[in-house]
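Chain A is the first sequence line, chain B the second, and so forth, proteins listed ahead of strands; every chain is numbered from 1. These numbers come from the heavy atoms of this one structure, side chains and all, not from hydrogens, waters or symmetry mates.
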There are 2 protein chains.
Amino acid sequence: MTNEERFQKQREVVEQFGRHFDKEGFQPIAGRILGLLLVMDKELYTFDEIIEELQISKSSASNALRNLEIRGDIEYITLPGDRKRYFKFRKQHSGTIIEDMEKKLNSLRELTITILELKSDPESENAIYLRSMQHSLCVFLDSIAESKLKLQPKD
Amino acid sequence: MTNEERFQKQREVVEQFGRHFDKEGFQPIAGRILGLLLVMDKELYTFDEIIEELQISKSSASNALRNLEIRGDIEYITLPGDRKRYFKFRKQHSGTIIEDMEKKLNSLRELTITILELKSDPESENAIYLRSMQHSLCVFLDSIAESKLKLQPKD
DNA sequence: TATTTAGTTCACAACAAACCGAACCAATAA
DNA sequence: TTATTGGTTCGGTTTGTTGTGAACTAAATA
């Protein structure tokens, strides 16, 4: 694979990555920026390079970058004697994805508990279903906890 | 708790449930309908009762109901000599939530593999991070598979 | 001091999603 | 046959999102 071919393929994956994160509620441009910073061989981009590479306006870039930084998905470094910011993908503790799922499942679990408490007939179809669902959620949350232990065997 | 109090609280939880599912990409009304069918003591609603209870238009109800049915989240029954449809929450095999997560994680895993294949420097910061992420994903996917086995110990 | 650089902010245009009312249709009832 | 019931479909309004260009600011440079 020539460097040029690789470069083109990386660009395609940036787009693919973007689409993936659109589905997670990212705004399109934010997903593309994140993809750019993660996928390309160049892992440090300036504001202007991002604009140039993705063909977007300064304002779009400015907003998306601010959001991504607040969310903790990117960070930037500065070089002495250089006013530009160099953005990079932020290596979060890789539990984040898992922790997000955990949060969602927990919130769902709390919901099922609330609903069950309000059912006047604990043997209604839905009540029975909710209990089985709650059980599944517990089993699953346990296995998440287990995975987390496996992945960070510190302390 | 009086029946009236319970009823009011259930209505609130319908709203809460709706907000939860908005986040999952449901349209607001669809989430409220799903909540209604799952949360309230009454677990069988007609079209008109749904409209009445949620104060929405016939067209909104019609569209949302169609979508929910296509997605397999609700179903309806009919009674002999009664043209009305009675809608109910559809008890899906409770693995669905888990399987959705599994799909998402798998697609993310495939993406990381693709990205890694295109990295020209396998020791770059992002490449190293991607490998650790891939590892986490594998551990996690394993534990999902395990949970699934625990939950459906048939065959 | 004037100019350039590196962005931010604002006002708005373009588009999409969500919802509604009104018209409509098909099946049953009168 | 006409009226009513139980919806569906169509067209349009409202609301929200995404992105832009132009004006602005603050720091560095000339």
Side-chain angles (χ1 to χ4, degrees), chain A residues 14-37 42 44-71 73-88 90, chain B residues 14-37 42 44-71 73-88 90:
Chain A
V14 167
E15 174 61 22
Q16 219 180 312
F17 188 91
R19 284 197 302 270
H20 182 93
F21 279 90
D22 289 354
K23 286 179 211 149
E24 313 286 291
F26 277 81
Q27 63 192 121
I29 286 187
R32 304 308 180 281
I33 291 179
L34 208 52
L36 195 70
L37 299 180
K42 181 174 171 58
L44 221 45
Y45 276 80
T46 66
F47 189 91
D48 283 325
E49 286 166 343
I50 291 171
I51 285 172
E52 173 59 24
E53 185 64 33
L54 298 178
Q55 292 294 310
I56 57 178
S57 71
K58 286 170 98 181
S59 44
S60 301
S62 176
N63 285 318
L65 287 168
R66 182 161 36 76
N67 291 334
L68 284 171
E69 217 204 318
I70 289 170
R71 284 188 42 115
D73 294 314
I74 62 168
E75 60 191 340
Y76 64 85
I77 57 174
T78 50
L79 304 175
D82 185 347
R83 200 141 61 89
K84 285 197 274 293
R85 290 185 292 173
Y86 290 82
F87 294 95
K88 54 192 283 201
R90 177 146 172 266
Chain B
V14 167
E15 172 62 23
Q16 219 182 312
F17 188 90
R19 284 197 301 270
H20 183 92
F21 280 88
D22 289 354
K23 285 179 208 148
E24 313 286 291
F26 278 80
Q27 64 191 120
I29 285 187
R32 304 309 180 279
I33 292 179
L34 209 53
L36 195 68
L37 298 180
K42 182 175 170 58
L44 221 44
Y45 276 81
T46 66
F47 190 90
D48 284 324
E49 286 167 342
I50 291 171
I51 284 172
E52 173 59 24
E53 185 63 33
L54 298 179
Q55 291 292 310
I56 57 178
S57 72
K58 287 169 98 180
S59 45
S60 302
S62 176
N63 286 317
L65 287 169
R66 182 162 36 78
N67 291 333
L68 285 169
E69 216 204 318
I70 290 170
R71 284 188 44 117
D73 293 314
I74 63 170
E75 58 190 343
Y76 65 84
I77 57 174
T78 50
L79 303 176
D82 185 346
R83 203 143 57 90
K84 286 197 275 291
R85 291 183 294 173
Y86 290 82
F87 293 96
K88 54 191 284 200
R90 177 145 173 267

query: Could you give the CG-to-P distance, from A/D22 to C/dA17, as a whole number of Å?
result: 12 Å
- prompt: Can we say B/K42 and B/E49 salt-bridge, meaning some charged N sits less than 4.0 Å from an Asp/Glu carboxylate O?
  reply: yes
message: Taking only side-chain N and O atoms of B/R85, does any of them lie within less than 4.0 angstrom of OP1 or OP2 on D/dT8?
response: yes
- prompt: Quick one: does A/R83 reach the base of D/dA28 with a side-chain donor-acceptor pair under 3.5 Å?
  reply: no
message: Please report the distance, rounded to the nearest Å, between CD1 in B/I50 and P in C/dC20.
response: 14 Å
message: Return whichever of B/Q55 or A/K58 has its heavy-atom-nearest nucleotide of DNA chain C closer to the 5' end.
response: A/K58
D/dG19 OP1/OP2 closer than 4.0 Å to side-chain N/O of A/S60: no
query: Taking NZ, NE, NH1 and NH2 as the nitrogens, is one of them in A/D22 or A/R32 under 4.0 Å from a carboxylate oxygen of the other?
result: yes
statement: Atom CG of B/N63 and atom C1' of C/dC19 are separated, to the nearest Å, by 9 Å
- prompt: Are A/F87 and A/Y76 an aromatic pair by the rule of ring centers under 6.0 Å?
  reply: yes
message: Just so I know, are the side chains of B/I51 and B/K58 near enough to count as touching, which here means a heavy-atom distance under 4.5 Å?
response: yes
query: Given atom CG of A/D82 and atom C1' of D/dT29, what is their separation to the nearest angstrom?
result: 14 Å
- request: Between A/F26 and B/S62, just flag the one whose closest nucleotide in DNA chain D comes earlier from the 5' side.
  value: B/S62
message: On the nucleotide C/dC19, are OP1 or OP2 found under 4.0 Å from the side-chain N or O atoms that B/Q27 carries?
response: yes
task: Test for a donor-acceptor pair under 3.5 Å between the base of D/dG19 and the side chain of A/S57, counting only N and O atoms.
output: no
